[in-house]
Amino acid sequence: PLLARLLNAEIEIWSSTRQRTVSAHDFFVAPLTTVIEPDELLVHVKLPGLPERCGCAFEEFARRQGDYALAAVGVCIEIDHGLVRQARLAVMGVEDIPLRLTKSEQVLQGQNWSAELIEHAIEVAITNLNPRSDLNASSDYRIHLVQNLLKHTLETAWSRAQMENA
C-alpha cells in the first residue's frame, strides 16, 4: 500500500460488467478496506517508472519480523545539480491508510540539500500527522518512529540519487 501511494500507482479493477482504473490515492479508504466492490477483482497494478537521478529508500519498524509495521516510511528523491527536483514521501501504519506527506514534499522541492532542510521537512511531516494510538503503540511513539525513519530514509534516498547522478 505504501509503495502504491509513493509511486502514484494506477490500480485496474474488473467485474463481469465493467473495468475501471483507480489511483492509489483514491484506492485505500480505511484500515484493510479499499474501493473494490464485492463483485470486483484487482487485476493489475501499474507502477510508473522512476526518473533518472532518483534515489529511493524504504524502512519499517515492527515488533517482530513479519508483523504489521508500527510505522513505515518510503522516500523517492530526484535531484538535479544538487537541488531536490522532486520529492515523494509516504508513511504507513501511523494513520488509518497510507499517506503521502505532500507538505513535506513541497518543503523539499527546489531546495539545496542540508541537515536543516531534512529537519524542517520532518517537522512539517509530524505536525501534519494525526497518528492513532492502539494496543501496539501510542501516538507519541509512532511520531518518534516516523521522525527517525524519515531522517534515515531521506538521507539514504539522497545518497542513492547522488550515485545515480554520478
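Hydrophobic clustering (ILVMFWY, side-chain heavy atoms < 4.5 Å, transitive): Tyr68 and Ile143 are in distinct clusters. Hydrophobic clustering (ILVMFWY, side-chain heavy atoms < 4.5 Å, transitive): Phe28 and Val45 are in one cluster. Using a 4.5 Å cut-off between side-chain heavy atoms of Ile, Leu, Val, Met, Phe, Trp and Tyr, with links allowed through other members, Trp14 and Phe27 fall into different hydrophobic clusters.
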Next item on the list: Report the C-alpha separation of Glu40 and Arg18 in whole Å, then their side-chain angles, then the decisive distance to 0.1 Å, and conclude whether the salt bridge (Lys or Arg N to Asp or Glu O under 4.0 Å) test is met.
Entry: CA-CA 9 Å; Glu40 295 179 317; Arg18 70 178 180 151; 3.2 Å; yes

Next item on the list: I would like to know whether Leu89 and Leu108 meet side-chain contact (heavy atoms from CB on, under 4.5 Å); could you show each step before the answer?
Entry: CA-CA 10 Å; Leu89 289 72; Leu108 296 168; 3.8 Å; yes

Margin query: The test is side-chain contact (heavy atoms from CB on, under 4.5 Å); show your working for Leu101 and Val124 and say whether it passes.
Written below: CA-CA 9 Å; Leu101 303 174; Val124 168; over 6 Å; no

Item checked: side-chain contact (heavy atoms from CB on, under 4.5 Å) evaluation trace for Leu50 with Leu7 -> CA-CA 8 Å; Leu50 294 171; Leu7 300 174; 3.7 Å; yes

Item checked: side-chain contact (heavy atoms from CB on, under 4.5 Å) evaluation trace for Asn112 with Leu117 -> CA-CA 8 Å; Asn112 285 306; Leu117 180 65; over 6 Å; no

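When the shell of 6.0 Å around CZ of Arg85 is examined, it contains 12 or fewer heavy atoms from other residues, nucleotides or ligands. When the shell of 6.0 Å around CD of Glu12 is examined, it contains more than 12 heavy atoms from other residues, nucleotides or ligands.
We find that Glu10 and Lys46 are not joined by a salt bridge, their nearest charged nitrogen and carboxylate oxygen being 4.0 Å or further apart. No salt bridge links Glu78 with Arg88; every basic N to acidic carboxylate O contact stays at or beyond 4.0 Å.
In terms of heavy-atom proximity, Ala72 sits nearest to Ala69 at CB-CB, 4.1 Å. Pairing each heavy atom of Ala157 with each of Ala57, the nearest pair is N-CB, 3.9 Å. Nearest heavy-atom pair, Ser139 versus Ser133, reported as atom, atom and distance to 0.1 Å: N-OG, 2.7 Å. Minimum heavy-atom separation, Pro98 to Pro1: CG-CB, 3.6 Å. Minimum heavy-atom separation, Ala125 to Leu150: CB-CD1, 3.7 Å. Considering all non-hydrogen atoms of both residues, Asp67 and Arg63 come closest at OD2-CB, 4.1 Å.
Between the CD atom of Gln19 and the CD1 atom of Ile13 there is a distance of 11.5 Å, given to the nearest 0.5 Å. Between atom CD1 of residue Ile97 and atom OG1 of residue Thr33 there is a gap of 10.5 Å, rounded to the nearest 0.5 Å. Separation of atoms OG1 (Thr153) and CZ (Arg160) is listed at 10.0 Å; rounding is to 0.5 Å. In this structure, Ile122 CD1 and Leu149 CG are separated by 10.0 Å, a value rounded to the nearest 0.5 Å. Put simply, CG on Leu6 and CG on Leu99 are 12.0 Å apart, with the number rounded to the nearest 0.5 Å. Here the straight-line distance linking atom CG of Leu41 with atom OG of Ser16 works out to 10.0 Å at 0.5 Å rounding.
Within the 4.5 Å cutoff, no side-chain heavy atoms of Glu59 are placed close to those of Phe61.
Each of Asp26, Val29, Ile11 was scored for a side-chain contact (heavy atoms from CB on, under 4.5 Å) with Val35, with one residue passing: Val29.
Within the structure, every pair that satisfies the ring-ring contact (aromatic ring centres under 6.0 Å, His included) test and touches residues 112-157, not counting sequence neighbours, is listed here: Trp113-Trp158.
Put simply, the side chain of Arg142 never gets that close to the backbone of Pro131: no donor and acceptor are under 3.5 Å apart.
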